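Reading through the structure tokens given below for one structure.
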Amino acid sequence: MMNGKKVVVVMPAYNAAATLERTLAEVPRDIVDDVILVDDASRDNTIEHARSLGIKCFLHERNWGYGRNQKTCYTEALKLGADVAIMVHPDYQYTPLIIPAMANLATSGLYDVVLASRILGGTALKGGMPGYKYVANRFLTAAQNALMGAKLSEYHTGYRAFTREVLEKLPLWENSDDFVFDNQMLAQSLYFGFNIGEVSCPTKYFDEASSINFKRSCIYGLGCLKTAWDFRMQKWGKAKHAIFDPNGRTLKDPQSGYYSDETAGCASE
């Protein structure tokens, strides 16, 4: 608990068996009430390892994609009564040690969304971010800020905290099941008037950390630009897009049958 509110960490996982334990070891359990892992049909033993560590875990029947994984994560966090859900990748690319800072901002009432920015501290390249990804990050962020009227330092971090109100209101089931889900969710947060805060976060790139290849990075980048353009067109009243529809499908709309609860039989925390 923090500031009297329940904090749940969610981990969207894919082939994370090698790094899961290191990531979990840094989660501050004096603040975090529950940890949820959703395994997107990994090819390794991620789900078995998660169970052995006592994590509440869920398994996708097939590889649905990063966006669908998050939809499952947040759905289950809400079922647990989370006031704040913090997404931490179990590949150990982002340290869970800054969870207290993010949780404090999200539970204080100051911000509805909190991003852990790799850009604010100026250490992204020192942490091993590939040069082309850094350049693309800066270009996309500048373009998106211009189109959406925001001043974020980056839109592409995978380390985020969301309040319950955000998770319940955004039409997340209208979003992609792929990587652009992240970007769509931030665009929705801005569109619906939620306050976004940022904290500085170190990052590290290494062989076991997950990363999308150049081709998928290009597809993601184009998707980000399209999302920002759709945002601007909708704001101008020149188009209507489902992801910005206040009556769109939210996490409260039933979408079941594609994953299972694998928690039973896990070791106690």
Side-chain angles (χ1 to χ4, degrees), residues 2 7 9-12 23 26-28 31-32 66-67 70 73-74 84-163 166-167 170 179-191 193-206 209-212 217 220-221 223-225 227-228 231:
M2 177 167 277
V7 178
V9 163
V10 299
M11 295 183 173
T23 306
E26 292 188 2
V27 173
I31 292 170
V32 174
Y66 176 59
Q70 285 190 64
C73 282
Y74 299 135
V84 170
I86 302 178
M87 179 173 69
V88 178
H89 289 180
D91 63 358
Y92 202 56
Q93 192 174 87
Y94 302 95
T95 174
L97 294 177
I98 63 171
I99 285 175
M102 299 176 71
N104 188 46
L105 290 177
T107 59
S108 66
L110 295 174
Y111 296 102
D112 308 297
V113 178
V114 180
L115 306 178
S117 171
R118 299 163 295 180
I119 304 301
L120 281 178
T123 60
L125 291 173
K126 292 180 181 178
M129 180 183 285
Y132 80 90
K133 288 194 174 184
Y134 180 82
V135 171
N137 185 309
R138 307 318 306 132
F139 168 75
L140 289 172
T141 294
Q144 290 173 279
N145 276 335
L147 286 168
M148 295 192 285
K151 295 182 179 180
L152 300 181
S153 68
E154 76 158 317
Y155 288 78
H156 314 291
T157 173
Y159 199 176
R160 298 130 176 262
F162 299 98
T163 63
V166 173
L167 296 177
L170 298 185
F179 287 100
V180 77
F181 173 92
D182 264 355
N183 214 253
Q184 291 173 328
M185 195 171 181
L186 287 187
Q188 289 171 321
S189 297
L190 290 168
Y191 186 86
F194 289 112
N195 294 321
I196 302 177
E198 295 182 279
V199 299
S200 177
C201 174
T203 188
K204 43 191 173 290
Y205 285 76
F206 53 98
S210 63
S211 182
I212 60 176
S217 294
Y220 167 79
C224 292
L225 292 175
T227 298
F231 175 103

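Because the structure is a prediction, the values reported are computed rather than measured. These numbers come from the heavy atoms of this one structure, side chains and all, not from hydrogens, waters or symmetry mates.
Heavy-atom minimum distance, P90 versus P12: CD-O, 3.3 Å. Taking each heavy atom of I196 and S189 in turn, the nearest pair found is CD1-CB, 4.2 Å. When every heavy atom of L225 is checked against every heavy atom of A143, the shortest pair comes out as CD2-CB, 3.9 Å. Considering every non-hydrogen atom in both A106 and T163, the closest pair reads O-CG2, 3.5 Å. Annotation for P96 and T23: closest pair CG-O, 3.3 Å, computed over non-hydrogen atoms. For G131 against L125, the heavy-atom pair with the smallest separation is CA-CD2, 4.3 Å.
Proximity of the aromatic rings of F231 and Y191 is defined here by a centroid distance below 6.0 angstrom, and this criterion is met.
Taking 4.5 Å as the limit, some side-chain heavy atom of V10 sits within range of a side-chain heavy atom of Y74. Contact annotation: the side chain of T157 never approaches that of C201 to less than 4.5 Å [non-hydrogen atoms, C-beta and beyond]. Contact check for I99 versus Y159: side-chain heavy atoms found under the 4.5 Å cut-off. Considering only heavy atoms from C-beta on, V199 comes within 4.5 Å of M102 through its side chain. Looking only at side-chain heavy atoms (C-beta outward), D182 and R160 come within less than 4.5 Å of each other. Residues T141 and S153 have side chains not in contact (no heavy-atom distance under 4.5 Å, counting atoms from C-beta outward). Between I119 and Y134, some side-chain heavy-atom pair lies under the 4.5 Å cut-off. For the pair Q144/L190, no side-chain contact is recorded, criterion being any heavy-atom separation below 4.5 Å from C-beta on.
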Could you walk me through whether L115 and L186 pass the side chain to side chain contact (heavy atoms under 4.5 Å, CB included) check? CA-CA 10 Å; L115 306 178; L186 287 187; 3.7 Å; yes
Could you go through the side chain to side chain contact (heavy atoms under 4.5 Å, CB included) check for E154 and R138 one step at a time? CA-CA 7 Å; E154 76 158 317; R138 307 318 306 132; 4.3 Å; yes
Is there a side chain to side chain contact (heavy atoms under 4.5 Å, CB included) between V88 and V27? Walk through the geometry before answering. CA-CA 9 Å; V88 178; V27 173; 5.6 Å; no
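Interatomic distance, CE of M185 versus CG of L170, reported as 5.5 Å (0.5 Å rounding). Going from atom OH of Y66 over to atom SG of C73 covers 9.0 Å, rounded to the nearest 0.5 Å. Atom-to-atom distance recorded for S117:OG and N137:CG is 8.0 Å, nearest 0.5 angstrom. Atoms CZ and CD1, on F162 and I86 in that order, are 11.0 Å from each other to the nearest 0.5 Å.
Judged by distance alone, the side chain of Y94 and the main-chain N or O of G158 form a donor-acceptor pair under 3.5 Å. When atom types are taken as modelled, the side chain of R118 and the backbone of H156 share a donor-acceptor pair closer than 3.5 angstrom. In this structure a side-chain-to-backbone donor-acceptor pair under 3.5 Å is present from S108 to L105. Between the side chain of N195 and the backbone N or O of D112 there is no donor-acceptor pair closer than 3.5 Å.
In this view, F194 satisfies the ring-ring contact (aromatic ring centres under 6.0 Å, His included) rule with no residue, not counting sequence neighbours.
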